[in-house]
Every structure is written in structure tokens, then in C-alpha cells.
Amino acid sequence: MATTTSSYGGRIQCILLSTLDGYVIYERFYDQFNDIQKAEIRTSFDEAVGSHDVVHGLEVVGRFKNGKVVGLVSEEVILFALGTGNYDELILLDFLESLVGVLKDVLPGTQQGLSDAVLFQQYVDLVHAINEMCKDGMIELVDPKAIERAMNLKMVSYKSGQQQSQMNDTLKGLVKKFTSKEIKLSR
């Protein structure tokens, strides 16, 4: 089932996945933010967690300027989303819960739970899955089977030698960039 958000005003501004210790695994900003604004957004995610015991199933909410912040702990990973307009806490939480379900369905090795090691190992598929679920900040697909089909179709279209090699090199570079910078929330 494809869900679109044309009836919603606003959008998702940022998606971030981090370890329980606050190290960023994945982040995507759907608007152009400068480095200071990105740091402020990361801080708002960290503040939403605050002094809570970070345990599986924890749901947190917060604010960033005119946006809403939602976080969800799933095993060894915290997923965050920043939304504006009608993307309220319930929609964002539903999106994050769907994202966890999709990742567990489409990424090998995540059925027992999400971890930074498995997500980095499956980084290309992680990026594809999130891109299928959220395009330009708008929620698109939330059905795991539809997302898996879309991912498989894209992988088939990219398998023409040079393009596949370039895509893999680019994504490997991004993984190296994220792991070498060790972007960390301020916790």
C-alpha cells in the first residue's frame, strides 16, 4: 500500500539513526541547513532523550523551533525524525515504527534487532529503504513488500557494470565518511 502525503501540510525535515551512545549511523536532511542548524537539530534530538533510561521501546518527543521531534529506541539504535506542519508526533512515531518494521523485513541480519554493525554492513540497502519510504521529506511507501520490490527494481536497473561500480564506490565513500568523522550527539 503506497501512502502519500499530499493531504498533509509540512514534511519530514530530518531522519537520523544513532547508536545508544549517540554516534550517528545515518542522517538525512531534506532541506538545506547549514552546519550550525544541523548541530542544533542534533542537539534537539539529544534533548528529547534527556535523562530517560534509553531502553528498547522508549518513545520520546521534543521540539525544534516550529517543528516536532520524535525518537524511538529499537534494540541498539535510536531513530529520530523532525517534522513540520501536520507532521505531528503521531505521524512521525508511526513513520519511525514503520521504518523499524521495514528494516527488519528487508535487511538481512536485522530480524533479531537493529544494531549499528548490521546497519553499516547493509548500508546500501538501508539508504535505499529509507529513500523508498521518504522522498524529499514526504512519506511514500510503508509496506515492506512494496519497498523490497522497489529496491530490487532499482538494483536491477543499476546492475549495468560501470553504474553499479560507481554507485558502490560512492556509497562506500559515504560509509567511510560517516564512520571516520564519528558524528556524535552531545550526550
Sequence neighbours left out, what passes side-chain contact (heavy atoms from CB on, under 4.5 Å) with Asp35? Give chain and number order.
Lys38

Who are the side chain to side chain donor-acceptor pair (under 3.5 Å) partners of Ser74, not counting sequence neighbours?
none

Here the gap from Asn131 atom CG to Leu126 atom CG, rounded to the nearest 0.5 Å, amounts to 9.0 Å

Is it true that Tyr26 and Val118 fall in one hydrophobic cluster, defined by side-chain heavy atoms closer than 4.5 Å?
no

In a check of ring pair (Phe, Tyr, Trp, His ring centres under 6.0 Å) between Phe80 and each of Phe45, Phe64, Phe29, which one passes?
Phe45

From Ile139 CD1 over to Met133 CE, what is the distance, rounded to the nearest 0.5 angstrom?
7.5 Å

Step-by-step side-chain contact (heavy atoms from CB on, under 4.5 Å) determination, Ile15 to Phe95:
CA-CA 10 Å; Ile15 298 171; Phe95 171 77; 3.7 Å; yes

Is the shortest side-chain heavy-atom distance between Asp46 and Arg42 below 4.5 Å?
no

Does Phe120 belong to the same Ile/Leu/Val/Met/Phe/Trp/Tyr cluster as Val127, with side-chain heavy atoms less than 4.5 Å apart forming each link?
yes

Does one hydrophobic cluster hold both Leu79 and Val106, with members joined at side-chain heavy-atom distances below 4.5 Å?
yes

So, the side chain of Lys68 versus the backbone of Gly85: is there a donor-acceptor pair under 3.5 Å, distance only?
yes

For Ile12 versus Leu92, what's the shortest heavy-atom pair and its separation?
CG1-CD2, 3.9 Å

Within the 4.5 Å heavy-atom criterion, are Arg28 and Ile130 side-chain neighbours or not?
no

For the backbone of Ala129 and the side chain of Glu132, can you confirm whether one donor and one acceptor N or O come within less than 3.5 Å of each other?
no

Write out all pairs satisfying salt bridge (charged side-chain N to carboxylate O under 4.0 Å, His left out) with one or both partners inside residues 53-63, taking only residues at least two apart or from two chains.
none

Roughly how far apart are Leu17 CG and Asp116 CG, rounded to 0.5 Å?
11.0 Å

Atom of Val61, atom of Ala48 and distance for their closest heavy-atom approach
O-CB, 4.0 Å

Restricting to ring-ring contact (aromatic ring centres under 6.0 Å, His included), what partner residues turn up for Tyr30, sequence neighbours left out?
none

About how many Å separate CD1 of Ile36 and OG1 of Thr43, when rounded to the nearest 0.5 Å?
11.5 Å

Closest approach of Thr84 and Gly67, non-hydrogen atoms and distance?
CG2-CA, 4.0 Å

Determine which pairs satisfy salt bridge (charged side-chain N to carboxylate O under 4.0 Å, His left out) with at least one residue from residues 87-113, sequence neighbours left out, and list them in order.
Glu75-Lys104

Same cluster (ILVMFWY, side-chain, under 4.5 Å), Val69 and Leu90
no

What are the two closest non-hydrogen atoms of Leu119 and Thr110, and how far apart are they?
CD2-CG2, 4.4 Å

For the OG atom of Ser98 and the CD1 atom of Ile91, what is their distance to the nearest 0.5 Å?
11.5 Å

Ignoring hydrogens, what is the shortest heavy-atom contact between Ile78 and Thr19? Give both atom names and the distance.
CD1-O, 4.1 Å

Nearest 0.5 Å, what's the CD1-CD distance between Ile41 and Gln13?
7.5 Å

